[in-house]
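This report refers to the structure that appears directly beneath it.
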Protein chains: 2
Amino acid sequence: MISGKFAITIHILTLLSKFPDDYLSSDFIAGSMNLHPVLVRKEIANLKKNHIVESKEGKNGGTRLLKSASKITLDAIFKMTFDTVTLGFSKNEPNPDCPVGKQINKNLENLYEDINKTISLQLNDITLEDFSNKF
Amino acid sequence: MISGKFAITIHILTLLSKFPDDYLSSDFIAGSMNLHPVLVRKEIANLKKNHIVESKEGKNGGTRLLKSASKITLDAIFKMTFDTVTLGFSKNEPNPDCPVGKQINKNLENLYEDINKTISLQLNDITLEDFSNKF
DNA sequence: ACATTTGCAATATATTTTATTACAGTATGA
DNA sequence: TCATACTGTAATAAAATATATTGCAAATGT
């Protein structure tokens, strides 16, 4: 539902990792990414659901990391923000009377599943700390 | 600009590989995928540009493979239909005054480039023939 | 000639993403 | 205790993108 989900989430987490002891407001975060604070809060809601961050309401409230950046892999972030990476499906139901049409989506799914496994392996070796250290 | 580009293209190519000696019409192909013939022709135009297929105009015209399915890798199809796979970027320019905002897109690009290399390697080992044999 | 097909551009529709608005609820501190 | 600064969430609007349709010129086989 948000196609920049991964990018937005990793941006948020990078900022949080830079100030691990502070509660950062969605407004402050939104300012760094030039994005509407409501969208930031929507992604933070997702991070909270996954127990990666916690938020404090009210004045001086905000969000901070619940886990050390070295314990958060990019794969975990990937899995939180994507169902799967795909190279796409045709929008319409293919013709079930055609042998190719009948099976194409299943075969594409299998292919994409393999791709996702590879991406996961690759991202599993990179921590938020690694990523954050590049800034 | 067509998000189902890869799926549509591989569907077209699979059909062509099943009838390597016939010229298949865009109408016939569209019928298998329940898609508008104009969109099929649009993807075929792309395939022609890449010298994978040839078309014949006029009555009994259509499209057929120019190369054996065993010589066409999924990586080649991938590269024809995608710029790159990404996990997305935030739509707006990030804040250049923020150290994170300033560099986030470059760092994401690097990450995505690594992912693309992996996907390419993986897809390079699968031919259209392999894919087609699953039907 | 005529039917059938590609090629392509222009336009319209549908879908998905992103942005905005609105407002209730919660903590802080003057 | 009241104003202020936050979060949380839903509803709606706007923008961007993808897909579909229409229309017509040009090519080819019969």
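Predicted, not measured: the structure shown is a model, and the values here were computed from it. Proteins come first, then strands; the chains are lettered A, B, ... in the order of their sequence lines, and each starts at number 1.
- K5(B) has its NZ atom 16 Å from the C1' atom of dA20(D), to the nearest Å.
- The listed nucleotides are dT9(D), dT21(D), dT6(C); the one nearest the side chain of A45(A) is dT9(D).
- If you measure from atom NE2 of H36(B) to atom P of dC8(C), you get 17 Å, rounded to the nearest angstrom.
- Rounded to whole Å, the distance from OH on Y23(B) to C1' on dA27(D) is 14 Å.
- As rounded to whole Å, 14 Å separates atom C1' of dT4(D) from atom CG of D27(A).
- The 5' end of DNA chain C is approached more closely, in terms of each residue's nearest nucleotide, by N34(A) than by the other of N34(A) and G58(A).
- Residue pairs meeting the side chain to side chain donor-acceptor pair (under 3.5 Å) criterion with at least one partner in residues 95-109 of chain B, sequence neighbours excluded, do not occur; the list is empty.
- The salt bridge (charged side-chain N to carboxylate O under 4.0 Å, His left out) test applied to E129(B) returns no partner, not counting sequence neighbours.
- Here dT16(C) presents its P atom at 18 Å from CG of L39(A), a figure rounded to the nearest Å.
- Looking at which nucleotide of DNA chain C each of L35(A) and L24(B) is closest to, the 5′-most match is held by L24(B).
- Nucleic acid contact for N92(A): sugar-phosphate only, since backbone atoms but no base atoms lie under 4.0 Å from a heavy atom of the residue.
- If you check dT7(D), dA5(D), dT30(D) against the side chain of N60(B), the one that comes closest is dT30(D).
- Look at CD1 on I29(B): it is 15 Å from C1' on dT4(C), rounded to the nearest Å.
- Closest to the K56(A) side chain, of the nucleotides dT28(D), dT28(C), dT6(C), is dT28(C).
- In this structure, the CD atom of E57(B) is 5 Å from the C1' atom of dA27(D), given to the nearest Å.
- Of the residues listed (T9(A), V85(A), T73(A), T84(A)), the one engaging F78(A) in a side chain to side chain contact (heavy atoms under 4.5 Å, CB included) is V85(A), and it is the only one.
- Interatomic distance, CG of L13(A) versus NZ of K18(A), reported as 13.0 Å (0.5 Å rounding).
- Straight-line distance from the CD1 atom of I12(A) to the P atom of dT7(D): 11 Å, rounded to whole Å.
- Between atom CG of residue L47(A) and atom OG1 of residue T81(A) there is a gap of 9.0 Å, rounded to the nearest 0.5 Å.
- The listed nucleotides are dT21(C), dA9(C), dT28(C); the one nearest the side chain of K59(A) is dT28(C).
- As judged by a 4.0 angstrom heavy-atom cut-off over every strand, S26(A) is placed among residues touching the sugar-phosphate backbone only.
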